[in-house]
> 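Sharing a structure with you now.
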Amino acid sequence: MRKLLVAGVAAVMAVGAIALTMPSLTTAQNQAKKAEPDSVVAPRLTAADSSNLKGPKQPIFFRHDIHAGQYKIQCQYCHYTVAASSEPGVPSLQTCMGCHLAIGGADSTHRVEIKKLRDAWKEKRPVEWVRIHTLAKHAHFPHMRHIKSLGPNACATCHGDVARMPQVFKVNNVNNMGFCISCHVERKVNRDCTACHY
Amino acid sequence: MTAMLDHTPKMTHAEVTRDVVATLQTPSRGYYMALFGAIGLFLVGLGTFVMLLKEGLGLAGYNPPIFWSVYITTFVFWVGIGHAGTLISAILFLFRSPWRTAVYRSTEAMTVFAVMTAGLFPIIHIGRQWIFYWLLPYPNQRWLWPNFKSPLIWDVFAISTYLTVSTTFLIVGLVPDIAAVRDKMSGWRKKLYGALSIGWTGADSQWRHYTRGYMYLAALATPLVLSVHSVVSWDFAMSVIPGWHGTIFAPYFVAGAIYSGIGMVMTLVIPLRKVLKIEHLITEYHFDNLSKLTLLTGSILFYAYAMEYFVAWYSGNTFEQTTFWMRAFGPMWWGGWTMIICNGFVSQLLWFKKIRTNLTALFVISIFINIGMWFERFVIINSLGNDFLPYAWGRMNPTWADWGILAGSFGWFGMYFLLFARTFPVVAIQELKEIIPMPRRKGGAH
Amino acid sequence: MPDEMKHEPLDRRRFLKVVGVAGAGTAALTGCSTDKVEKLIPYLVQSADQVPGIPTIYASTCTECAAGCGLHVRTREARAIKLEGNPQHPVNAGTLCARGQASLQGLYNPDRLTGPMGRNGVGKMSEVLWNEAIDQLAAAVKQAGSKVAVVTGTPAGTMSDLIDQWTAAVGGRVIRYQAFDHGPVQLAAKKVFGVDELPHHDFGAAKYIVSFGADFLETWHGPIENQRGFAAAHGFDGKGMAKFVYVGTRMSLTGMNADQWVSAASGSETSLALGLANAVLASRSDAPADAAQLKGMLAAYTVEKVAQDTGLSADVVRTLCAEFAKAAPSLAVAGGIGAQHRGAAELCAAVNVLNYVAGNVGKTVHFGFGMGSGSGYGAMLELERAMNAGEIDAVIFHDTNPLYTLPKSGGFRAALAKVRFRATTSMFWDETAAACDLVLPSLHSLERWDDSRPRAGVHGLVQPVMEPVFKNMAAGDVLLQVARKIGGAAGAAFTAPTYEAHLKGIWAGVAKARGAADFDTFWRGALANGGLYDAAPAPATIKLAAGAGDIKSEKPAFDGEGLLFAPYPSSMYHDGRGANRPWLLENPDPVTRITWQSWIEINPETAREMDIREGEILRLNSPAGSIEASVYVYPGIARDVLAMPLGLGHTEYGRYAQGRGVNALDLLSAKDGQGFLPYLSTRVKAEKTGRFRKVAKTEGNPRELGRGITEAIPLAAAVKGLTIQQAYQAAGKGEHEVNPEREAEAIKGFREGQLEERRYGAYALDNPQWGMVIDLARCTGCSACVTACSAENNIPWVGEEDIFRGRELSWMRIERYFEGGEDGEPIKARVIPMLCQQCDAAPCEPVCPVYAAYHTADGLNGQVYNRCVGTRYCANNCPYKVRYYNWYAYAKRAFVEPLNLQLNPDVTVRARGVMEKCTFCIQRIRGAQNTARLEDRAVADGDVVTACAQACASGAITFGNVKDPASRVVQAAKNPRGYHVLEELNTRPAVTYLARVEYGSEA
């Protein structure tokens, strides 16, 4: 009986200790993260690898981790209407070509993909990207309002850390109303049904 | 006690058991025809429902501003039917009126199946049947709850509660009899009934607990008789619609429910006792009493009808007045008069003992009652047709989809009832025995 | 179970085929719709004027009728989703009629021809290539030489000029023809004033208006402009209002809005007009000097004679004369189909005289606007003759469908058959196309370049707002290419490679004429404004012509015997061109409230005599033919008249129009060589068939049974500023008590309780409170708001079968109630737009079991479509019956491709089994709030305009935040005429109606 008691106390203390140390640990990690981005170098991957990566395979193996991560291109450079409109905007091929007329790619794996882009441009054929986040039609999500209040880099709140994704995948189910509500409750903002449903 | 004796079946306990158990032996061709008829009707209803799911409620005769129609009519009809059972078995049990014993089992069964039938309608009649469960309160990621202010939600609770309690009541009542049947059976049947009788031995201690428990259940069921149909009536009374918006609705509906319930009991039991050859168990005497109950509730109903018209006139409210004028002389006048004649006038025939004891007459009357009570709900819903803005007036115009579901509901109900009558004693063996005097012991005292 | 609402019924692939993905003017589809393939298709090139998710608005010009209203085309992701009026445009000043808005359903009509059709070897029509079609046409024209005839309905503008030049170049003649042309008016203008043009009417300036069968609120001239003027004159402004008298055999929509309907015998109106003129001349000294010469002629028209001619009582005539003579300036109009009998030209002449002697010419009647109706019906008869005589070898039809709009009894069809080659540029397979050898479908006016000159000083531009839905060719380009093919003089005449270039060339000239430094700036400016708008020209000085003196008022001749047959232009279908637009088919006729059908109007008395009930099918026989249709018993029609709407009964013209209803023209005999088609020239024998066909009307009961739904107060009381209550007492009608004292008490307590609740939760916040005011003194019942609502809110149409069951979905409905009309009382009609009242104490909200119907913090009755399970209790419990239910998957059924391209992406397309209703265009409210928020400001008054308010030409609807004391809606609501429908129910509606003002005995 006494043995048990001792064990119990010990256990409780152990748990307590962990609980106490936890926060400090996580903050440490965070600091590590914060320090990191400057030293991001996207891994070298070929289109072949894309099938082993999370998320749907895209017609062109576009690397968010290279563009947004390694070269730190702002999301809004390509998703140009996100701060002005309910729709974030998908970059036109012209936007892509703006850089890729000049930039042919550092290594073979890149060149292959960039060639696909240039061919599409030549043939005046749009690239049909596979859609990842699709909101049901009966819900209206004004991107601009969220960018306005959460700041220009709030994308990750819903879309995850795209800057680290060689291939974008769905981090949160944006069609899950609970996902929206919990955030609105947490931030004490509008919970009126007709804020989104009309 | 004498008063009681002269209607008790002149037979021994053994005979009672024998005769009742006899009802469970291979049934007649008539029974099978009835059963298959019921199943056929049910399939018709099922087919119609599938069409509704596929095409939409447009198939049914909804003509705005009448947004409810035959389905809600039939829903209320069946809930009403479901009231006689509990009344007879619970309330009369508490009042110790022994004449109930012969009929209460079948009425309880009827109650349970009627409520089962009614329970289907809220699902059938909503537009997106596949999300009917949104009407139930359950924790969900949307952080949403149903609206407890809505009479429809009260319905959900009223009906489910009533179904639970009446089912329990039926089953508990059955246990000793199943045991009795078990003892008369052999082979797999014996096993089956053995399982269902949950180890009933008829030991003293069991009886002691049983009777107490049964009484508590009766006490629990009694208020439901009043509450459930009051709640159903509020589906209408809580609205602003002239012809619905009435304080009289709750008592009016409860009376109507019991009235229609007993009507259905007669419709079912009069043929049943013939088919199952238990005329000597369920006698004129029982129907005489049922008739008196019918007469009482029927008269209350008649009064309620009169009062509705009076209030409409007395209120000076043009909307109410128009509605009731339309009810009597509008395009749907036939509905209004069917209800008043079948319920108001026909029930008054029961003042005469000759009629009360003439089963053929009673059967006919009971049919009238069923029709009349269905039409009562039909007429009430038709009040929607001419409400506040004349421009938006309309008229109900039922279609095959309405009749299909209506027929289906009767099939569904009949199916269960017939199967029950085949499988379980429709007359309460034990209670019947209770009211039969104990047989004299032979031989001298010890 | 599939939830249709998750997916807009729009297939992206199809959409791409339609708008294309390359080139400017096409847009990215970033999330604008969700489809099964889940693809994101980007631009190739980003066009500067398209931001996905934000509407781009282009200015253009409406081509649905000759009025030439200015458009603001709202496009989303490069597809036109809504048409609204251009506020800068002088003709329509920002509003648009139902027909104009339904132009979108012409653009996206599923029955549009996808390419040119020509006769193949075996003489059957089949698709041909464009270059083949052009070659065929060129060859035919070349061969025909000078024997070419071009029949065009195109109103004045560059295209119309091009047709002239082109025809001149290739040799041949141009015939301008459009149904309902203003032949009589033009003839009369020539006769009385010696000018060959149409007058322009300023209703706004008139103090007294008399219309002799001119339906100026439906189709006559520019209805929108007329309606705006009429509202200005007749809408009560607190001081007074003009009086409007309608003279005609049938109370049309225009007649419904009259203070007095005078049912003069058809053909006798001339006498009445001259009688009025006589009275004016007798009682007034300010008549123009040269009016004296008319004295002789007019003197004959004494009150007694007029009374005798018209069959009106002498008192009525006398009062009319007195009133008309008293008022100045007044306005008399004529020339509508409502009085287009064989004496119509004389009638119009008489009206001209009337206006002249009353000194209205120059005040309310203006000449010098350069408005001409073209050659018209007379020219068609001439063409018919020429075709019979073999003087025509090739006919080209453009913007006109004569084989439908001309009576069958005429010989046009037969004559046309004699012509060797027939071609049309119709977008649809219409009656004329069916009789042609070559069809070169033109582009819709939202897909091409053009301009229009409805009148001097207005030069509207038409610009393409999107890639063509079907890759067809604008008629202008066809003409140019054909000219080039023909070569020679014709080829040389036109240097411009495309019609666009040609148009720009013309405008370059305009720019130079106006001394514009740089054309591009000028052009871009014009495009942005939708054209050039100069001040109205100085009215020409008008003197009486020689002919003014001899105007005869003898009764015109009528063919056949029996009841007079009065076909009239439907305000929805116009001359029949609207019959393939579901929005118009389901928008109930403003007078009878009937949809999707043809009907015969008959006076109750006559119906009783003939023992006919509504819905009974009558056969009408005339010398020219016979037709059958259901009867609608209508108290607003003379006893000896049967009326019937025009525009239905197409034999071709697509799935919506074909075989729907009957064509009233089949009864007309067209045997006379006047300059106009006498619509009122036939008598018919009505014959009972004993068969019935339900009338598809959206109305339950035409009487409001004294329920005070459409309140009206006498002018005198209104001027005194009395409330409805006071007005009733003043009129000695006793207490018109909405709530007795005890109820009032209860309501007060209830109100307090509500305010108490307002102090909790979201309601406590500083939210706006949306409200609306509808002025019944201005509303004419034209139903433009109904179409606007459907267009804005993706409201599907349900079709005739479901209308029979009263299942219409239109969130905005115009309720029309009749007053009087029995035992000698004059029949009056009152209209009230009924939409969701957004009640504060809404009966619909508490009964919803799932909170799909609930009260939003900003005072709306929110309806969450995706939460709705469809118990329909809310609809039962709504006293205003403004909740509508999707009994079937109506949206899926209605929005077939490419109609679904019109859907507004900001509004959920409702699925089957869901309740839907008006929420004050909540998508516009939320949009305005989003914009305001981005600009860190509050939503200002006028930021949110509901679709109905936007469309209303009478300006009857005011919308805004009732918490803002400065807002227009609050000001409007202060009006003593204000009331709430069914106030006694204490639902506390957010919609305040202002009682209609009526001329009582005192006026």
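So that the names make sense, note that chain A is the first sequence line, chain B the second, and so on, each numbered from 1.
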> Between Y71(B) and chain C, with a heavy-atom cut-off of 4.5 Å, which part of the residue counts as in contact: side chain, backbone, both or neither?
neither
> Between P64(B) and W887(C), is there a side-chain heavy-atom distance shorter than 4.5 Å?
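Heavy-atom side-chain distance check passes, below 4.5 Å.
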> Just give me the residue among N876(C), N886(C), N877(C) that pairs up with chain B most often, heavy atom to heavy atom, under 4.5 Å.
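Highest number of pairs under 4.5 Å: N876(C).
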> Counting heavy atoms not belonging to R395(B), are there more than 12 under 6.0 Å from its CZ?
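Result for CZ/R395(B): open.
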> Consider only side-chain N and O atoms of T399(B) and R805(C), and report whether a donor and an acceptor are under 3.5 Å apart.
no
> Tell me, do V850(C) and N147(B) make a side-chain contact under 4.5 Å, heavy atoms counted?
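No; the side chains remain at least 4.5 Å from each other.
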> Is it the case that over 12 heavy atoms from other parts of the model lie below 6.0 angstrom from the CH2 atom of W325(B)?
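No - once you tally the heavy atoms of other residues, nucleotides and ligands closer than 6.0 Å, there are 12 at most.
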> Which heavy atom in D387(B) sits nearest to a heavy atom in R707(C), and how many Å separate them?
O-NH1, 2.7 Å
> Quick check on W400(B): does its CH2 atom have over 12 non-hydrogen neighbours (other residues, nucleotides or ligands) under 6.0 Å away?
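Yes - once you tally the heavy atoms of other residues, nucleotides and ligands closer than 6.0 Å, there are more than 12.
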> Could you state the interatomic distance from NZ (K881(C)) to CZ (F388(B)), rounded to the nearest 0.5 Å?
7.5 Å
> Please assess L144(B) against R867(C) for the test side chain to side chain contact (heavy atoms under 4.5 Å, CB included), listing each intermediate value before the final yes or no.
CA-CA 10 Å; L144(B) 292 174; R867(C) 176 66 173 167; 3.9 Å; yes
> Output the option from G706(C), C878(C), G913(C) having the highest count of non-hydrogen pairs under 4.5 Å with chain B.
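Sorted descending by pairs with chain B, the first entry is G913(C).
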> Examine whether an atom of I832(C) lies under 4.5 Å from a heavy atom of chain B, and if so say whether it belongs to the side chain, the backbone or both; otherwise answer neither.
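Contact with chain B involves no heavy atom of I832(C) at all.
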> Hey, are Y391(B) and T698(C) close enough side-chain-wise for a donor-acceptor pair under 3.5 Å?
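Yes, a side-chain donor-acceptor pair sits under 3.5 Å.
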> Using heavy-atom distances under 4.5 Å, tell me whether F132(B) contacts chain C through its side chain, its backbone, both, or neither.
neither
> What part of R807(C) gets closer than 4.5 Å to chain B, counting heavy atoms only: side chain, backbone, both or neither?
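When you check distances to chain B, atoms from both the backbone and side chain of R807(C) fall under 4.5 Å.
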> Can you name the nearest heavy-atom pair linking L53(B) to R912(C), along with the distance?
O-NH1, 2.7 Å
> Checking W244(B) against chain C: side chain, backbone, both or neither under 4.5 Å from a heavy atom?
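The answer is the side chain of W244(B).
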> Determine whether more than 12 heavy atoms belonging to other residues, nucleotides or ligands lie under 6.0 Å from atom OH of Y314(B).
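It does not: Y314(B) OH has 12 such atoms or fewer within range.
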> Taking the six-membered ring for Trp, are Y885(C) and F67(B) parallel (under 30°), tilted (30 to 60°) or perpendicular (over 60°)?
perpendicular
> Given that the side chain runs from C-beta out, which part of E845(C) has a heavy atom under 4.5 Å from chain B: side chain, backbone, both or neither?
backbone
> I'd like to verify something: which residue of G61(B), P122(B), P242(B), G394(B) has the highest number of heavy-atom pairs under 4.5 Å with chain C?
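Most heavy-atom pairs within the cutoff with chain C belong to G61(B).
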> Give a yes or no on this: more than 12 heavy atoms of other residues, nucleotides or ligands lie within 6.0 Å of atom CH2 of W403(B).
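Correct, the count exceeds 12.
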> Taking side chain as everything from C-beta outward and backbone as N, CA, C, O, which of these in L59(B) sits under 4.5 Å from a heavy atom of chain C? Side chain, backbone, both or neither.
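Backbone plus side chain of L59(B), per the 4.5 Å heavy-atom cut-off to chain C.
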> Taking C-beta and beyond as the side chain, do L389(B) and I709(C) meet within less than 4.5 Å on heavy atoms?
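With C-beta onward as the side chain, the pair touches.
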> Does L57(B) form a side chain to side chain contact (heavy atoms under 4.5 Å, CB included) with Y888(C)? I'd like the steps, not just the answer.
CA-CA 7 Å; L57(B) 285 172; Y888(C) 295 107; over 6 Å; no
> Looking at N386(B), N397(B), I131(B), which makes the most heavy-atom pairs under 4.5 Å with chain C?
N397(B)
> Could you tell me which portion of P843(C) (side chain, backbone, both or neither) has an atom closer than 4.5 angstrom to a non-hydrogen atom of chain B?
side chain
> Flag the pair V914(C) / R128(B) as yes when at least one side-chain heavy-atom distance between them is below 4.5 Å, and no otherwise.
yes
> Tell me, out of T322(B), I66(B), D235(B), who's got the most heavy-atom pairs with chain C below 4.5 Å.
D235(B)
> Without hydrogens or angle criteria, can the side chains of R872(C) and Y62(B) be said to hold a donor-acceptor pair below 3.5 Å?
yes
> Between P390(B) and R703(C), is any pair of side-chain heavy atoms under 4.5 Å apart?
no
> Go through the atoms of Y817(C) and report whether side chain, backbone, both or neither lie under 4.5 Å from a heavy atom of chain B.
side chain
> Based on non-hydrogen pairs under 4.5 Å, which of A60(B), G385(B), S239(B) is most in contact with chain C?
S239(B)
> Would you confirm whether the ring centroid of W68(B) sits within less than 6.0 angstrom of the ring centroid of Y873(C)?
yes
> What part of L52(B) gets within 4.5 angstrom of chain C, counting heavy atoms only: side chain, backbone, both, or neither?
backbone
> What part of V981(C) gets within 4.5 angstrom of chain B, counting heavy atoms only: side chain, backbone, both, or neither?
side chain
